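All values reported here derive from a predicted model rather than from experimental measurement. Just so we're on the same page: letters track the sequence lines, and every chain starts at 1.
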Protein chains: 2
Amino acid sequence: MNREQGRDILKRLNMKVTPKRLEVMCCLGSEPLYLSADEVWHRIKDRVDSIGLPTVYRILDELAEAGVITRIFLADRKQYYFLCANQDHHHHHFVCESCRRVEDLGQCALGEGTLDAVQRSGGRVTSHILQINGVCATCSTPRGGAACRTK
Amino acid sequence: MNREQGRDILKRLNMKVTPKRLEVMCCLGSEPLYLSADEVWHRIKDRVDSIGLPTVYRILDELAEAGVITRIFLADRKQYYFLCANQDHHHHHFVCESCRRVEDLGQCALGEGTLDAVQRSGGRVTSHILQINGVCATCSTPRGGAACRTK
DNA sequence: AATTAAATGAAAATTATTTTTATTTATACG
DNA sequence: CGTATAAATAAAAATAATTTTCATTTAATT
Ligand SMILES: [Mn+2]
Ligand SMILES: [Mn+2]
Ligand SMILES: [Zn+2]
Ligand SMILES: [Zn+2]
């Protein structure tokens, strides 16, 4: 994710193109890892000309609300965010509990008739959450050697 | 969910059968609604012989960890819990954004080859989250009249 | 360049959640 | 049944994530 792409996304959402927003997006989009608001803040607060933590919170929330970034759900009662490079089609993610890596699941992994079933019963579906947790190939391999941090 | 059922569940999990745990389980299991720790606390603190909020947090966490109760994910950065009457087979839920009602989705609504795909690529799957959000039939119906609170 | 709604900073406040430590209790066992 | 003991709980205090407020700045428009 570069500034151009970030700029395009913000334009599309009718949000002002600000250096802070671009910085947050580039930070999250630079690696396939999920981060907390605090972590994003630490990584960018010295660049730009400093940025406040509340601003990071606001930006992350806006972008998540707009669907540009994905909320990652863990049991630790903290919110994590991930900016997927693939903004084209709707899909979900595999999250490595060991190294924080997030990987695409090809298509939306929802079973065929699931949403239809709800709607047929009279309900209206507005969104859905789907997240596969586990340990990624690299972290699973005993002699991985690769760039998989042990957290 | 009555005390007998709660007792059986705790026994199965090798957890001590305490009045507080039974109270929390009966509270959550009395309605198909999700609640926060604080809400559970308010509903039961006068019964039993009072109960501390940290105890409610601990119990909810234990039961969620054990898979007896389900964490409900909302964007409001708070943890919600739901105790499903159907403890038999693995499945997921539809959550009404309007009245907090939680409904069963028949089977696990994950697409067929989803977990296989991850494993075939070398990763290991440990768990998955699947939640459908929307507005339930009752809340969707203009002249519902029924017992669907407007939140 | 002027205008203005939106974005941001800084400090303070809030609130959900956790930790600590002393006390109580469920359960196993003689 | 008493007793022993590990586990559970209370109460108070602490923590840490997140939000609010309000004054100031800035991106976009004219
Ligand atoms: Mn993706
Ligand atoms: Mn259920
Ligand atoms: Zn990994
Ligand atoms: Zn409803």
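Applying the 4.0 Å criterion to OP1 and OP2 of dA6(C), one finds that Arg58(A) has every side-chain N and O outside that range. For dA7(C), neither phosphate oxygen OP1 nor OP2 lies less than 4.0 angstrom from any side-chain nitrogen or oxygen of Thr55(A). Side-chain N/O atoms of Lys20(A) include one lying less than 4.0 angstrom from OP1 or OP2 on dG9(C). Within the structure, a side-chain polar atom (N or O) of Thr18(A) is placed less than 4.0 Å from OP1 or OP2 of dT8(C). Between Tyr57(A) and the phosphate of dT19(D), there is no side-chain N or O to OP1/OP2 separation shorter than 4.0 Å.
Taking atom CD1 of residue Ile51(B) and atom C1' of nucleotide dT24(C), one finds them 14 Å apart after rounding to whole Å. The distance from atom CD of Glu39(A) to atom C1' of dT18(D) is 15 Å, rounded to the nearest whole Å. A straight line from CG of Asn14(B) to C1' of dA7(D) spans 13 Å, rounded to a whole angstrom. For the pair Leu53(B) CG and dT20(C) P, the interatomic distance rounds to 18 Å; values are reported in whole Å. Between Trp41(A) atom CH2 and dT18(D) atom P the separation is 14 Å, expressed in whole Å. At whole-Å resolution of the value, CG in Leu10(A) and P in dA6(C) are 16 Å apart. Residue Asp76(B) contributes atom CG, which lies 9 Å from atom P of dT19(D) at whole-angstrom precision. To the nearest angstrom, P of dT19(D) lies 12 Å from NZ of Lys78(B).
When side chains are defined from C-beta on, Arg100(A) does not count as touching Ile72(A), because their heavy atoms never get closer than 4.5 Å. Side-chain contact between Glu62(B) and Arg21(B) is present, with at least one heavy-atom pair separated by less than 4.5 Å.
Using a 4.0 Å heavy-atom cutoff across all strands shown, Lys16(A) reaches at least one base atom of the nucleic acid. Within 4.0 Å (heavy atoms only), Ser36(B) reaches no atom of the nucleic acid at all. Backbone-only contact: Arg21(B) has heavy atoms under 4.0 Å from sugar-phosphate atoms and none from a base.
Proximity of the aromatic rings of His90(B) and His128(B) is defined here by a centroid distance below 6.0 angstrom, and this criterion is met. Centroid-to-centroid, the aromatic rings of Phe82(A) and Tyr34(A) stay 6.0 Å apart or farther.
Using a distance-only test at 3.5 Å, with no hydrogens or angles considered, no donor-acceptor pair links the side chain of Asp104(A) to the main chain of Gly106(A).
Mapped onto DNA chain D by nearest heavy atom, Lys11(A) and Ala37(A) fall at different nucleotides, with Ala37(A) at the one closer to the 5' end. When each of Pro54(A) and Met15(B) is assigned the nucleotide of DNA chain C with its nearest heavy atom, Pro54(A) is the one assigned upstream, toward the 5' end.
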